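Some notes on the structure that comes next.
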Amino acid sequence: MPNARRPTRLTLVLADWCPHCVPLSDRAGRRLARLLRVPIRRLDIDDPRQERAADRIVRQFGDPDPDYLIPQVFLEWSDGSVDHLLTGFSEQVARTARAWNDLLASDWLRDVRRGLAR
Amino acid sequence: MTPPRALPRIVERSLRPVGGRCYRHCDQPLRFHALRLGGPGTGWVLACPSGVVSVTRYVEWGDRPPTARLWRELRRRTVPPTLVRRRDLRSATRHGPELGRPAERDLARRPGGAARVVYWRLYPFRRRGLEHRLFVCLRHGRREAVFFAAPTAGEVPRCPRCGSAVGPRRRSNP
């Protein structure tokens with residue numbers, strides 16, 4: 001099979017106090033992970049150990065800034081690659097909710113799921 | 001490397017700001033004012049009728065976030081420029097699947113680049129016991145909006161460049 005890479009893990013960088021993160025992205029992330037059949041990893045930026053891992057993945061694959069935006073969502077693949085999927089919309093929580101809805105209804109997700117079914 | 005350019009129209013439509021209310025100030029509906037911020041992209045400032053800024057946003061198409069350029073542009077428009085701190089500028093990349101199907105399909109046909117958004121949000125701060133917020137004076141036109149900080153209590157704030165009162169005109173007592 002020429003393209004056999006599969007998603008392996010969904011990572012959510014978040015904080016419990018952030019209304020774009022909890023409960024919105026927490027719930028939507030779990031739903032996305034279920035659809036992709038992968039485990040979810042929550043990295044809480046207020047936990048020092050998790051914060052280091054969060055900073056690393058944001059710096060390498062996401063939207064890094066001295067005080068970066070949360071939530072940020074990443075999909076890890078079996079070939080070691082990582083895709084940045086979404087960063088919260090600073091405008092308002094409702095806009096981040098719309099982005100999650102669009103992501104869950106996207107052609108991209110449909111195509112990845114088709115690949116999983118093969 | 002792709003030089004920065006304006007957003008595809010369909011992506012710009014998808015990223016157009018939606019309504020909101022002025023958080024922890026007056027709860028009035030926010031208004032969106034288009035701004036020119038020195039690049040090929042689109043700038044917006046979200047402010048309440050009193051001129052209190054909720055967030056300023058700039059977005060363009062490119063390989064990297066235009067944070068450094070926006071920082072310089074905002075400092076030029078802000079009194080004093082030191083109000084614009086690098087740590088208050090935050091970037092976000094918008095790829096396509098999170099922008100709705102029409103934008104996703106359009107972007108799938110455009111290899112390279114992404115929509116690069118930078119937000120500037122200055123949180124309220126206290127100075128000499130008074131809460132200060134960021135205001136915007138829009139009387140200078142879209143190219144030259146002026147940002148400044150002022151107390152939210154007391155007199156109507158005045159733009160440090162043109163002296164105009166910012167926000168809705170208040171009726172004087174008869």
Side-chain angles (χ1 to χ4, degrees), chain A residues 7 10 12-13 15 17-21 24-25 28-29 31-32 35-36 45 57-75 82-113, chain B residues 10-11 14-24 29-32 44-47 53-59 64-68 70-71 85-109 114-123:
Chain A
L10 188 76
L12 242 72
V13 174
W17 48 261
C18 159
H20 297 257
C21 303
L24 170 67
S25 298
R31 189 167 162 217
L32 179 60
L35 290 169
L36 292 169
I45 59 165
I57 196 167
V58 168
R59 198 169 45 242
Q60 275 188 279
F61 304 105
D63 290 317
D65 283 301
D67 186 16
Y68 56 78
L69 286 171
I70 51 170
Q72 293 198 34
V73 186
F74 301 89
L75 185 61
V82 179
D83 287 343
H84 167 254
L85 297 185
L86 188 145
T87 291
F89 281 67
S90 196
E91 290 92 342
Q92 54 180 164
V93 177
R95 186 63 189 85
T96 302
R98 198 174 106 196
W100 269 113
N101 290 339
D102 286 334
L103 180 63
L104 290 165
S106 64
D107 289 350
W108 169 81
L109 180 57
R110 188 201 56 203
D111 292 347
V112 175
R113 294 190 73 210
Chain B
I10 198 162
V11 178
S14 172
L15 286 172
R16 201 164 283 168
V18 288
R21 292 194 169 268
C22 186
Y23 185 62
R24 290 187 175 173
L30 294 171
R31 292 176 187 172
F32 305 96
W44 294 87
V45 59
L46 283 69
V53 174
S54 173
V55 68
T56 305
R57 193 195 73 176
Y58 174 78
V59 55
R64 58 186 64 183
T67 314
L70 184 67
W71 179 73
R85 296 171 303 188
R86 178 62 187 80
R87 69 169 182 266
D88 293 326
L89 297 181
R90 297 176 181 90
S91 62
T93 308
R94 310 296 180 205
H95 304 281
E98 79 277 41
L99 298 177
R101 244 182 226 149
E104 181 188 15
R105 287 177 183 167
D106 184 85
L107 291 190
R109 292 193 294 268
R116 306 285 179 178
V117 188
V118 182
Y119 299 97
W120 179 37
R121 191 185 288 278
L122 181 66
Y123 289 102

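Note that these values count all heavy atoms, side chains included, but never hydrogens, waters or copies made by symmetry. Treat the numbers as computed from the prediction; the structure is a model and nothing was measured. To find a chain, count down the sequence lines: A is the first, B the second, and so on, and within it residues start at 1.
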At a heavy-atom separation under 4.5 Å, does A/L104 approach chain B through its side chain, its backbone, both, or neither? neither
Could you tell me which of A/L109, A/T87, A/D107, A/L103 has the largest number of non-hydrogen atom pairs under 4.5 Å with chain B? A/D107
Hey, does the Lys NZ or Arg CZ of B/R24 hover above the aromatic six-ring of B/Y123, less than 6.0 Å from the centre and inside 45° of the axis? no
What's the spacing between A/W17 CH2 and A/I45 CD1 if we round to 0.5 Å? 5.0 Å
At a heavy-atom distance under 4.5 Å, which candidate from B/E98, B/R87, B/R116, B/R86 has the highest pair count against chain A? B/E98
Pairs satisfying salt bridge (charged side-chain N to carboxylate O under 4.0 Å, His left out), at least one member in residues 84-99 of chain A, at least two apart: A/E91-B/R57
For chain A, which of B/L30, B/D88, B/L99, B/T67 has the most heavy-atom pairs under 4.5 Å? B/L99
Partner set under ring pair (Phe, Tyr, Trp, His ring centres under 6.0 Å) for B/H95, not counting sequence neighbours: A/H84
May I ask you to decide if B/S91's main-chain N or O and A/D65's side chain share a donor-acceptor pair within less than 3.5 Å? yes
Considering only heavy atoms, which portion of B/S54 lies under 4.5 Å from any heavy atom of chain A: side chain, backbone, both, or neither? neither
